[in-house]
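Here is the structure we will look at, set down as structure tokens.
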Amino acid sequence: MADKKLLLIDGNSVAFRAFYALYRQLDKFTSPDGLHTNAIYTFKNMFDSMLKQLQPSNILVAFDAGKVTFRTEMFQDYKGGRQKTPNELLEQLPFIKEMLEHLGVKSYELENYEADDIIGTLSKMGDEAGYEVAVVSGDRDLTQLASKHVTVYITKNGVGEMEAYTPEHMKEVNGVTPTEYIDMKALMGDSSDNYPGVTKVGPKTASNLIQQYGSIENLYEHVEEMKKSKLKENLINDKDKAFLAKKLATIDRDSPIAVGLEDTKINSVDIAGLREFYERLGFKKFLAEMSVATDGNVSSEDMQKYDYVELTSDNIAQLKLDDSEAAFYLEMLGDNYHLAQFVAFALKTSDGIYVSKDVALLEESPLKEFLQNPDIKKNVFDLKRTYIGLNRLGVQAEGINYDMLLASYLINNENNSNDLGEVAHLYDNYAVKTDVEVYGKGKKQAVPDDETLFSHLAAKVVAIDKLKPALLEELKDHEQDSLYDEIEVPLAFVLAKMEITGMKVLPTTLIQLENEFGMQLSKLEEEIYLEAGERFNLNSPKQLGHILFEKLNLPPLKKTKTGYSTSVEVLDQLRSQSKIVDKILNYRQISKIQSTYVKGLLDVVQADGRVHTRYLQTLTATGRLSSVDPNLQNIPTRSEEGKQIRKAFVPSQEDGYIFSCDYSQVELRVLAHVSGDENMQEAFNTGYDIHAHTAMKIFHLNSTDEVTPDMRRTAKAVNFGIVYGISDYGLSKNIGITRKQAKEFIDSYFEQYPGIRSFMDQAIKSAREKGYAETIMHRRRYLPDIHAKNFNVRSFAERTAINSPIQGSAADIIKIAMINMQKKLTELNLKTKMVLQVHDELIFDVPKDELEIIKKIVPEVMQNAIKLDVPLIADAGWGHSWYDAK
DNA sequence: TTGGTCACG
DNA sequence: ACGTACGTGACCAAT
């Protein structure tokens, strides 16, 4: 702690920031009595972060006393027209003050003055008395107080982040000194405080003028010397406004405050009062923190320090591992567990907690036997990560039967996290810190000292065990036990094996493509520069927009937040207007393939000549998987150039096959099943081409023979639209018809498939009643926005309520197929490996002599994954590369 | 870190 | 009347 360091906080401003930081969680943060607490809670977090960063010896928090101040006397409309502070925030202010009192911190407000003036006055007093002064506010006005010993911190978006304004920083940002800033404001006015400055003068002009003249007084002495301009006229006309604005902008540094520096001393924390306060507001996290900080009086057993034993090769022999159940955690630094550095492990048995940084201990007796013993049930967090980490150490884990991460994802994937600490916090267990707290993030990520590390890991294994009953109970309440036990947990092992196997990629094929595409790209580049008349960065949408819409004067058809849109959608319509457009589209397409797929893929081929993706099993809102590092679920297939990439994906044996099998229209079949629509079910049961059948229906034809390719295309778009929760606008935009036509198609569709409409209505109604949408396997997606007042937000939730059960059930189905498939491969003792899943498609690496059996069993297993009211159909293809597997 | 763009189902 | 399709990940430029 610095000797004399005074922290002055702008209470209203910080509370305001705190309130809006968690505004979206407004309804989730309430006390047992129903009081909103989001601002109180965040205020405390921000306050803690200030203490940590600034280490003050003295503190005072200043508040505004009321609406009327000496400034409103000068200027009636001061802060007029400003939106009223929401009641939800106002009602929290007294509690913030109460909390500060318990914390031993003085709050102060003064009739007729704003918090700014209190801070201005105290900062002056502090400065004169030899204090280092730190001012914290969300309001940039305060930056005028900055001086050699006064630093003004302006809160940024993140809870703990602040921008430090020293006189030097002021100069960089505004070009003026803190005192000159007042004069700058005099010229600019302040729209949020509702007072005008000089007409047409903004920050730029104001800054330039003040840099030139130093103050408005001096400026107006010389104003007649300025050469004739609109600016000069405005300055002269608005002279009174400027001088008034200066008065309003100036913080009173000699206000008649009734507190002095002696009042800023920090008193001791009123522990009992604070605890009672936290309990009243339901702040479990802060309560838990208190128990640790104050030692003794530990009310929450969560916060006990755990005793652990550090395992070494010397004491390992004494380790008793005769339990039938234990918790285990293997720590690796970084997301990519295929490559991540091992840090340490922790183990919790009935005897106690054991930790060690020596992961080699896992490779030997007795830990290896323990981990490989199927009869000892292991509780973990992130089964797949654990399994693969152990696999790298030569351990084939068995008996892992509980995964806290998977369970929490199934229970509620709304506030999804892969961090054990964060998940534990969701279940009111604050005994374990988050990994970011312990290891840091980004460049600063590092392993801490042994004591910190071991305590963290000990807390982790304890939390895994401790929360297990609650999570299992909740799964049961949700009727998700079989989704968890029979789908997600077994699937995690299947995915682990797929990831470990990886897929063979031929770098030479990619390098050939790199050369070809490279030549095409340089040729296109030159041609484009020639047409444009200059060289520029083709990959910059901003620069490209400038060339197209300003230099070449093409019509800008669409805008984005930041400028002109240059997307395919726009460029496609400009094709006829300039030769350059086609070339740009062509360049874009090839450059995408080159950077993302050719170069990107080459970068991630590992030493074994394979790519090992990671499937994220606990990420998506619908239950699908996602694939990263590399993403193998978006390898090009639609364009021929892109499809070339697939030639580099080959079987592990040269004469082997890549075998691919995909479901035909799973989502529509799921829709036919869940909606019970008779016409659609009949179409699938009879084996019609569903899009042609739809075309026949919506165009009122007598037979599918009359369906033209155009009609079929339209019908296909309508079928897709239905799955997404259709709107006439969306459909019209997608297939380039009018909204009216689109509406007619949709109406006609609902007439022909009446069950679909009632399904959609029912889906929305049920989401409203239950608060979530659900798949056939009881996977949930919570939809709080279904009750939103905002039309757009609510509509989005409604479409989601329709789409999620469809997309999610399809995900359930292929997951079941994958588990059955892996089982079958093992049963039949085949060498074939399942290597990829692309949402409705499974891909296998097949030795030559297994092709025949695979052709038979894969479609069979996929088609029989689940029994629906309509048949599931899966079509297979194979070849000597992924490209040829069609 | 964010936004634009584009690859996939 | 509201403005709009559902679900993802990677790359690049600009902040």
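A note on names: the letters A, B, ... follow the listed sequences, proteins ahead of strands, and every chain is numbered from 1.
Judged by atom type and distance alone, A:Ser727 reaches the base of C:dT4 through a side-chain donor-acceptor pair under 3.5 Å. Judged by atom type and distance alone, A:Gln633 does not reach the base of B:dC8 through any side-chain donor-acceptor pair under 3.5 Å. The base of B:dG9 lies close enough to the side chain of A:Arg638 for a donor and an acceptor atom to sit less than 3.5 Å apart.
In this structure, A:Phe536 atom CZ and C:dC12 atom C1' are separated by 15 Å, rounded to whole Å. With rounding to whole Å, A:Ile802 atom CD1 is found 15 Å from C:dG7 atom C1'. Rounded to an integer number of Å, the gap from CD1 of A:Ile764 to C1' of C:dA5 is 14 Å. Following rounding to the nearest Å, A:Arg779 (CZ) and C:dG7 (P) show an atom-to-atom distance of 15 Å. Atom pair A:Trp882:CH2 and B:dC8:C1' shows a separation of 9 Å (rounding to whole Å applied). In this structure, CD of A:Glu841 is placed 22 Å from P of C:dG7, rounded to the nearest angstrom. Computed from coordinates, the A:Ile737 CD1 to C:dT4 C1' distance equals 15 Å when rounded to whole Å. Taking atom CG on A:Asn631 and atom P on B:dC8, their separation rounds to 11 Å, with Å as the unit.
The listed nucleotides are B:dG9, B:dT5, C:dA13; the one nearest the side chain of A:Ser565 is B:dT5. Nearest nucleotide to the side chain of A:Val838, out of C:dC11, B:dG9, B:dG4: B:dG9. The side chain of A:Ser567 has B:dC6 as its nearest neighbour among C:dT15, C:dT8, B:dC6. For A:Lys733, counting side-chain heavy atoms from C-beta on, the closest listed nucleotide (C:dG3, C:dA10, C:dA5) is C:dA5. Side chain of A:Pro636, nearest nucleotide from C:dA5, B:dA7, B:dG4: B:dA7. Residue A:Gln589 places its side chain closer to B:dA7 than to any other of B:dA7, B:dG4, C:dG3. Of the candidates C:dA13, C:dG7, C:dG9, C:dG9 carries the atom nearest the A:Leu616 side chain, counting heavy atoms from C-beta on. Comparing C:dT4, C:dA14, C:dC12 against the side chain of A:Ser595 picks out C:dC12 as the nearest.
If A:Val628 and A:Asn734 are placed on DNA chain C by their nearest nucleotide, the residue sitting closer to the 5' end is A:Asn734. When the nearest nucleotides of DNA chain C are assigned to A:Arg739 and A:Arg781 by heavy-atom distance, the more 5′-ward of the two goes with A:Arg739.
Among the protein residues, A:Phe720 comes within range of no part of the nucleic acid, since none of its heavy atoms lies under 4.0 Å from any strand. Using a 4.0 Å heavy-atom cutoff across all strands shown, A:Gln543 reaches sugar-phosphate atoms only and no base atom. As judged by a 4.0 angstrom heavy-atom cut-off over every strand, A:Lys561 is placed among residues touching the sugar-phosphate backbone only. In this structure, A:Asn790 reaches neither bases nor backbone, as no heavy-atom distance under 4.0 Å exists between it and the strands shown. Residue contacts shown for A:Ser591 are absent, as no nucleic acid heavy atom lies under 4.0 Å away. Contact annotation for A:Asp662: no contact, since no heavy-atom pair falls under 4.0 Å across all strands. A:Ala801 comes within 4.0 angstrom of no nucleic acid atom, judged by non-hydrogen atoms across all strands. Across all strands shown, A:Ile635 has heavy atoms under 4.0 Å from sugar-phosphate atoms exclusively, and none from any base. Contact annotation for A:Gly725: no contact, since no heavy-atom pair falls under 4.0 Å across all strands. At a threshold of 4.0 angstrom between heavy atoms, the contacts of A:Ile593 with the nucleic acid are absent. Looking at heavy-atom distances under 4.0 Å, A:Ala621 makes contact with sugar-phosphate atoms alone, never a base. Heavy atoms of A:Lys599 sit nowhere under 4.0 angstrom from any nucleic acid atom.
With a cut-off of 3.5 Å on both pairing distances, the Watson-Crick or G-U wobble partner of B:dA7 is C:dT8.
A salt bridge is defined here as a Lys NZ or Arg NE, NH1 or NH2 lying under 4.0 Å from an Asp or Glu carboxylate O, and A:Glu774 with A:Arg781 fails to meet this definition. Of the charged side-chain nitrogens involved, none lies within less than 4.0 Å of a carboxylate oxygen, so that A:Arg794 and A:Asp785 do not count as a salt-bridged pair.
OP1 or OP2 of B:dT5 lies within a sub-4.0 Å distance of a side-chain N or O belonging to A:Thr566. OP1 or OP2 of B:dG4 sits under 4.0 Å from a side-chain N or O of A:Thr560. Taking side-chain N and O atoms only, A:Arg588 has no distance below 4.0 Å to OP1 or OP2 of B:dG4. Note on A:Asn634: every side-chain N or O is 4.0 Å or more away from OP1 and OP2 of C:dG9. In terms of phosphate contacts, A:Ser626 brings a side-chain nitrogen or oxygen within less than 4.0 Å of OP1 or OP2 of C:dG9. Of the side-chain N and O atoms in A:Arg799, none sit less than 4.0 angstrom from OP1 or OP2 of C:dA5. For the pair A:Asn537 and C:dC12, the criterion of a side-chain N or O lying under 4.0 Å from OP1 or OP2 is not met. The side chain of A:Ser804 contributes no N or O atom lying less than 4.0 Å from OP1 or OP2 of C:dG7. A close approach under 4.0 Å does occur between a side-chain nitrogen or oxygen of A:Lys542 and OP1 or OP2 of C:dT15. For A:Gln837, no side-chain nitrogen or oxygen approaches OP1 or OP2 of B:dG9 to under 4.0 Å.
Between the A:Gln741 side chain and the A:Ser732 main chain, no donor and acceptor come within less than 3.5 Å of each other. A donor-acceptor distance shorter than 3.5 angstrom exists from the side chain of A:Arg669 to the backbone of A:Ser664, with no hydrogens or angles considered.
Distance check on atom P: B:dT5 versus C:dA5 gives 14 Å, rounded to whole Å. Comparing the P positions of B:dG4 and C:dT4 gives an interatomic distance of 13 Å, to the nearest angstrom.
Both the sub-6.0 Å distance and the 45° axial angle are satisfied by A:Arg614 relative to the ring of A:Tyr337. For A:Arg780 and A:Tyr772, the positive end sits near the middle of the six-membered ring, less than 6.0 Å away and at most 45° from its axis.
Note: A:Tyr753 and A:Tyr749 meet the aromatic proximity criterion, with ring centroids under 6.0 Å apart. Remark: aromatic rings of A:Phe649 and A:Tyr883 are distant, center separation not under 6.0 Å.
Using modelled atom types, one finds a donor on one side chain and an acceptor on the other under 3.5 Å when comparing A:Gln617 with A:Glu488.
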